[in-house]
Amino acid sequence: MASSSTPKYNSLESSSGKRTLKDGTNWEQNEEIPRLPGETRVTDKDVIYMCPFNGPVKGRVYITNYRLYLRSVENDPVVILNVPLGVISRIEKMGGASSRGENSYGLDITCKDMRNLRFALKQEGHSRRDIFEVLTKYAFPQSHNLLFFAFANEEKFSENGWMVYNPMSEYRRQGLPNERWRVTFINEHYGLCDTYPSLLVVPYNATDEDLKKVAAFRSRNRIPVLSWIHPETQAVIMRCSQPLVGMSGKRNKDDERYLDIIREANGQISKLTIYDARPNVNAVANKATGGGYEGEDAYPNAELFFLDIHNIHVMRESLKKLKDIVYPNVEESHWLSSLESTHWLEHIKLVLTGAIQVADKVSSGRSSVLVHCSDGWDRTAQLTSLAMLMLDSYYRTIEGFEVLVQKEWISFGHKFASRIGHGDKNHADADRSPIFLQFVDCVWQMSKQFPTAFEFNEQFLITILDHLYSCRFGTFLYNSEFLREKEKVTEKTLSLWSLINSEKSKYTNPFYTKELNRALYPVASMRHLELWVNYYIRWNPRIRQQQPNPVEQRYMELLALRDDYIRRLEELQITNNSKISNSSASSASPSQMMSQVQTHF
Amino acid sequence: EIHIKEPIKKEVNPHLLPGELLLCEASRVYKYVQEDGSNRGTYGKLVCTNFKIAFLDDDSTSDDNEPQFKNKIVGENDITLQCVDQIYGVYDEKKKLLTGQLRKYPEKLIIYCKDLRVFHFCLRYTKEEEVKRIVSGIIHHSQTSKLLKRLFLFSYASAAPNTTDRRDQTVMFDTLEDWRDELERTKGNVKYKAVTTNEGYKVSEKLPLYFVVPICVSEESILKYEGRGIPIWCWSCHNGAALLKMSAFPKEQDDIASQTQKAFLDGIYKTISKPPYELLKTDDLSSSLPSLQDIQTAYTRFKQLFLIDNSTDFWATDVKWFSLLESTNWLEIIRRVLKKAIEVAECLERQHTNVLLIEESATDLCCVISSLVQVMMDSYSRTKSGFQSLIQKEWVIGGHSFLDRCNHLHKSDKEEAPVFLLLLNCVWQLVQQYPPAFEFTETYLTVLSDSLYVPIFSTFFFNSQHQKDANTSGESLKTQSGPFRFLTVWDWSVQFDPKAQAFLNNPLYAEKPKPDKSQRKTARFKHQRQLSLPLTQTKSSTKRGFFREETDHLIKNILGKRIGKFIYPSDELPSGFREFYDSWHSKPVDYHGLLLPRIDGPEIKVWAQRYLRWIPEAQLHGGGTIATAAKILDLMEEVQNLQVKMDEEHSQATSGDVHSVPMLRNSARLSSLFPFALLHRQSVKPALPTSTWKDLEDEDDLVKRDDEFVYLSDDML
């Protein structure tokens with residue numbers, strides 16, 4: 001993924017033999033480009049890369065079934081572009097056969113990861129048509145009846161990421177099932193709800209028959225099920241879709257009773273709190289299409305709050321505006337008001353605020369919480385997973401976070417395929433929306449505010465986002481567990497967590513301090529929210545932050561020094577104990593060692 | 001509603017400094033706690049002295065949890081008279097600015113401080129007589145103009161003669177020797193000399209006693225226009241190029257006079273742009289940077305955003321936060337100043353030209369730019385003593401009018417401008433962008449900015465060296481014991497005990513590998529980064545600038561290409577600048593070499609520690625940069641302990657446990673406001689925005705759409 005237009009990371013020339021690149025790709029000797037096992041070369045061509053930062057770059061572009069790789073031919077140091085085809089959202093031809101201007105004939109590629117690529121080509125032969133067709137075919141396999149690269153990928157990893165999430169053991173970790181909550185297999189063959197996982201946790205006092213009746217009253221049968229239980233208060237976070245109230249204000253006794261059972265299950269007498277993620281007006285408007293929200297008359301034991309988070313279309317437009325102000329150039333004047341006008345951080349603020357409310361209610365309000373939006377797979381997933389991240393420190397570890405994503409997003413049917421448009425050429429599809437990106441941004445904001453609370457680092461989050469698009473792993477493919485099972489994803493593809501867990505140290509935050517049972521509430525104020533520059537503006541060499549982070553590096557040096565001391569001390573003690581009092585030549589004096597790391601105390 | 005706690009009957013007396021006199025007091029004053037929106041608070045006594053306004057809590061005389069970071073001079077509930085920014089009275093829920101004489105006394109007093117604290121005092125339970133006395137006392141002593149000699153500085157200095165012997169390494173620049181050492185350190189002594197022409201202030205009262213000029217400049221020229229039109233040396237770059245400043249001639253009505261001045265200037269330029277001197281570039285800062293008025297206006301608006309009354313206020317301003325910030329223009333000014341400093345650095349470093357900064361008095365923006373350039377180019381200025389010496393050189397001795405710019409005497413609002421704060425804000429940007437490059441921390445900068453308002457140090461309470469000298473040698477100032485001397489702010493032990501001083505030192509500072517001692521003093525600071533820079537031909541722009549048309553013409557004729565100006569419109573930059581900037585940023589950072597700030601929009605940030613430190617809504621429990629800083633400190637302590645163990649082992653002393661447990665600071669529990677606001681109660685409730693979502697004006701159709709437009713069930717229709 002490390003495509004870079006600046007020289008600094010591209011000293012790829014001099015070495016020989018097999019190397020491992022930043023993205024984990026192996027590079028065999030005598031090969032022009034790095035390739036993954038299972039990756040095959042398709043074509044290559046001389047082009048001019050219209051780098052928005054350094055101007056036109058003459059180079060050769062190689063296309064495989066996984067990536068587009070460009071290496072400059074004249075620049076020193078070499079300019080490299082290394083782009084998985086999965087990030088491509090749109091390929092356009094620019095200029096016609098009669099175009100006159102210099103470099104005005106070629107291809108314009110829009111990417112999902114906040115950049116565009118422009119290549120100028122020679123106006124002879126069918127050079128452009130060929131490359132356009134190859135690119136289109138491999139970038140949009142779904143539109144060409146081809147498989148994703150993930151199915152051809154033959155990489156081997158020491159860890160198997162598909163083993164990371166086992167719903168049963170995750171629920172057991174939470175202390176479930178217990179006398180009030182049971183595991184149901186009613187959805188084993190996805191008969192109750194085809195966008196839910198097969199294994200669900202529901203109140204002990206609700207029968208499978210009850211569940212079926214409730215399903216009839218919930219949009220797409222997404223009934224309220226348990227996401228998380230508070231170990232002390234026993235209050236729970238439930239998730240579901242909107243009730244099918246409709247214009248006529250329909251009621252459903254089973255649904256009403258079911259919500260009451262949920263309310264009672266934590267042994268408290270307080271009301272059940274329902275958070276409807278949508279703005280009030282949208283929830284009302286949904287009645288016109290058969291949806292709606294839990295009315296006061298029908299649910300007297302529930303309190304309903306709207307969280308005012310906007311829909312997927314608003315989020316998509318907001319990100320588009322953000323791209324406009326950061327790519328290719330960062331808005332020079334009026335940066336702050338430009339940033340404000342994208343509303344991106346305001347949306348982040350609202351999502352975080354919603355999640356804080358959910359978490360706070362469960363942990364201190366001692367009341368169970370039900371979260372839904374319209375279908376319960378976008379805003380709902382954001383809210384439940386962020387609230388869980390705030391309440392349960394397990395999810396702040398590397399594996400815990402993987403479990404969280406696997407559980408609240410992947411298994412509960414966040415429509416990754418539709419929202420990302422994996423391998424699909426319909427770039428303007430209204431189903432696309434950066435909902436998961438927004439969630440990861442919220443996580444980043446939290447990790448920024450609490451730099452010692454998360455086991456993972458920024459690179460971990462960026463890697464997840466890179467492979468959200470890359471189609472190298474099966475992790476984010478398809479819309480539901482049902483479809484993934486049908487496509488045998490776990491058998492035929494690799495998990496992203498295999499890559500990450502095989503090289504955990506790369507994704508570990510050295511400042512991480514394990515703290516159990518501490519609720520972590522970020523401050524959802526614009527005073528603290530910042531634009532995630534290292535992600536959104538990472539292609540701009542002028543903005544790039546220092547890598548590695550100097551503070552982190554310093555800390556690592558100190559850690560190494562400490563370990564060295566401990567080791568030497570042990571050696572010394574052994575030496576001293578065995579009464580060989582002549583001090584050994586091998587150990588340097590402590591003051592000498594101190595001077596290696598010039599730190600002043 | 002206020003829940004009244006019966007105050008404990010106990011006489012609480014203010015802690016007074018030597019020379020401090022109690023002027024008035026009021027009891028049963030209720031101070032609201034800042035932490036939440038409730039009316040919780042404590043009763044106490046409000047006093048006003050000739051040094052401070054202080055609130056004495058009735059029941060906290062035996063506070064056993066001593067904070068880790070405490071100012072010995074100015075306590076948590078102390079406001080020095082110079083630190084008071086604005087005072088408001090509340091009458092029937094309405095806020096009114098209090099300035100002069102009052103007819104009616106308020107129920108509540110709100111004091112906004114220059115260090116951004118906000119105090120709310122309720123006077124409803126205080127005797128009317130006491131209210132009158134304390135309110136008018138506070139207003140009189142903190143808001144009305146006073147004579148210099150009435151500053152607490154003088155009472156303190158006569159009551160507590162300064163007996164501390166300074167072992168600190170800060171160079172004060174009040175002797176000829178200091179200037180000569182600086183010339184030697186920077187290898188400027190070949191072409192520049194320290195002069196004694198101003199002894200007895202016979203040249204000018206604005207100039208320091210000693211300063212440095214090009215060797216070829218004669219004493220007569222210096223004397224001719226009281227030092228105006230004379231290039232004064234600031235610093236020499238490793239390649240010999242020098243940074244100079246010059247006080248410009250005021251606009252002259254008289255034609256003949258202005259002709260003579262022009263001729264004089266031309267002569268000077270001619271002399272100092274001939275070899276061995278480098279090519280000269282001039283920059284008139286009064287036209288290439290925002291005016292002092294702009295700076296004052298921007299900061300006044302900016303600080304207002306952080307003087308927050310309550311939680312509602314906080315969240316109401318949060319909605320439009322970015323545009324509010326932008327409308328103050330403060331961050332943009334910081335950006336422009338940083339950009340200017342990079343331009344100057346580029347001329348010195350890459351083009352190898354001398355740079356002459358011009359300003360009317362050469363004591364405001366000249367100080368900002370020359371200090372910043374040195375911080376960026378001279379790693380010595382990034383050590384604590386180096387930075388302090390720099391402030392002495394450019395600001396204190398350099399003649400920045402601290403008294404007027406801070407308006408310490410409330411003489412004239414027109415002179416007020418936060419020029420020094422602007423420098424600290426710019427330096428902070430560098431500190432946060434390059435943490436390992438500085439020996440000091442942002443906390444150091446914050447307490448330094450607070451020290452601007454502590455009138456026991458002379459550092460920031462005079463307009464010039466002359467003013468200080470004149471006021472020290474006067475007959476009226478006699479002390480019983482020994483000479484009359486002021487304290488300097490650089491003696492940090494006056495304000496902080498050693499434990500607290502530790503917070504001023506940066507644990508991440510990558511100390512320069514020490515060369516052997518003989519070289520140390522005159523060590524050259526080579527910038528490895530520049531050695532590989534492409535060399536481009538110097539292009540001198542003569543488009544527009546300081547000189548008026550005819551002079552411009554004249555100079556071109558006389559001097560040919562040896563003088564250039566570089567005043568660029570803010571958006572248009574010469575390619576040299578961009579190339580210099582980009583090329584530097586594409587290489588790894590050498591923390592002991594040249595340091596260029598990143599100045600793109602997203603990189604310029606709000607100095608959160610200084611501006612958000614008292615706002616409870618903004619605090620992160622267990623978060624913020626302090627969380628990592630504390631971890632680093634813990635680890636360093638552990639390493640130190642291990643080192644001691646190792647030494648013991650080497651000397652075969654008794655050995656204890658190998659794995660000693662470091663003293664845990666419990667970093668996770670520190671608040672991001674640490675080490676400042678000492679909130680006594682840690683709220684477990686998260687802060688929730690109370691402001692409402694504003695409309696997405698132009699996206700109405702999108703907002704109203706459903707996520708996926710599908711009719712959910714046909715039978716519903």
Side-chain angles (χ1 to χ4, degrees), chain A residues 6-8 219 244 246 285-286 289-291 308 310-314 317 330-331 334-337 339-340 343 353 356 360 374 378 449-452 511 513 515 521 523-527 531 533 541-543 546 550-551 554-555 558 561-562 565 569-570 572-573 576 583 590 594 598 600-601, chain B residues 318 321-323 325-326 435-436 507-511 513 571 582 585-586 589 600-602 612 617-618 620 622-623 627-628 631-632 635-636 638-640 642-643 645-647 649-650 652 655 658-659 667-668 684-689 693 696 699 702-708 711-713 716:
Chain A
T6 39
K8 127 173 166 194
S219 170
L244 300 177
N286 255 286
T289 55
D308 295 327
H310 281 280
N311 65 37
I312 63 167
H313 312 291
V314 172
E317 285 315 302
V330 176
E331 191 71 36
H334 307 294
W335 161 254
L336 288 170
S337 52
L339 180 61
E340 186 172 276
H343 299 295
T353 304
I356 293 168
D360 182 41
S374 298
D378 293 310
Q449 295 191 5
F450 299 98
T452 60
F511 293 108
T513 312
E515 261 206 285
Y521 296 118
V523 173
S525 156
M526 287 302 177
R527 272 97 164 166
L531 184 71
V533 168
R542 270 166 208 156
I543 302 280
Q546 301 155 61
V551 180
R554 199 96 197 113
Y555 190 68
L558 278 173
L561 182 66
R562 182 197 58 183
Y565 267 132
L569 251 179
E570 275 165 0
L572 258 178
Q573 281 177 333
N576 285 346
S583 65
M594 281 309 285
Q598 271 103 20
H600 80 185
F601 291 98
Chain B
D318 204 56
W321 180 247
F322 290 128
S323 43
L325 262 186
E326 185 173 285
L508 292 170
Y509 179 54
E511 224 170 298
D571 289 334
D582 286 349
H585 281 285
S586 68
V589 184
D600 288 278
L612 294 177
E617 286 78 11
L620 305 161
T628 42
K631 287 218 71 168
I632 289 166
L635 184 57
M636 283 177 60
E638 194 184 341
V639 170
Q640 261 180 312
L642 282 167
Q643 193 190 353
K645 277 258 153 62
M646 286 275 281
D647 287 338
E649 281 297 328
H650 271 288
Q652 299 273 308
S655 58
V658 185
H659 301 279
S667 51
V684 281
K685 291 292 279 183
L688 277 175
W693 173 250
L696 290 166
E699 289 166 10
L702 278 184
V703 172
K704 284 183 194 141
R705 275 167 72 180
D706 200 2
D707 275 354
E708 282 137 274
Y711 281 95
L712 292 170
S713 48
M716 303 301 298

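Reckoned from all heavy atoms, side chains included, excluding hydrogens, waters and symmetry mates. Reminder, nothing fancy here: chain letters follow the sequence lines and each chain counts from 1.
Across all non-hydrogen atoms, the minimal contact from A/E340 to B/F322 is OE1-N, 3.2 Å.
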Next on the checklist: Set out, in order, the CA-CA distance, both residues' side-chain angles and the distance that settles side-chain hydrogen bond (donor to acceptor under 3.5 Å, both in side chains) for A/T452 and B/K631, then state yes or no.
Outcome noted: CA-CA 9 Å; A/T452 60; B/K631 287 218 71 168; over 6 Å; no
Next on the checklist: Set out, in order, the CA-CA distance, both residues' side-chain angles and the distance that settles side-chain contact (heavy atoms from CB on, under 4.5 Å) for B/T628 and A/Y555, then state yes or no.
Outcome noted: CA-CA 9 Å; B/T628 42; A/Y555 190 68; over 6 Å; no
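Residue contact with chain A, scored on non-hydrogen atoms closer than 4.5 Å, involves the backbone and the side chain of B/I632 alike. Heavy-atom distances place the side chain of A/S374, and not its backbone, under 4.5 Å from chain B. Proximity to chain A is limited to the side chain of B/L635, based on heavy atoms less than 4.5 angstrom apart. Heavy atoms closer than 4.5 Å to chain B are found nowhere in A/L531, neither backbone nor side chain.
The line from OH of A/Y565 to CD of B/Q643 is 4.0 Å long, rounded to the nearest 0.5 Å. Distance CZ/A/R562 to CE/B/M636: 14.0 Å, rounded to 0.5 Å. To the nearest 0.5 Å, atoms CE (A/M526) and CH2 (B/W321) are separated by 11.5 Å. Expressed to the nearest 0.5 Å, how far CZ of A/R554 lies from CG of B/L508 amounts to 7.0 Å.
By the side-chain hydrogen bond (donor to acceptor under 3.5 Å, both in side chains) test, B/E326 pairs with A/H334, A/S337, sequence neighbours left out. By the side chain to side chain contact (heavy atoms under 4.5 Å, CB included) test, A/S525 is found to be paired with A/V523, A/R527, B/F314, B/W315, B/D318, residues two or more places apart in sequence or in another chain being considered.
Listed options B/L325, B/D582, B/D600 were ranked by heavy-atom pairs under 4.5 angstrom with chain A; first place goes to B/D582.
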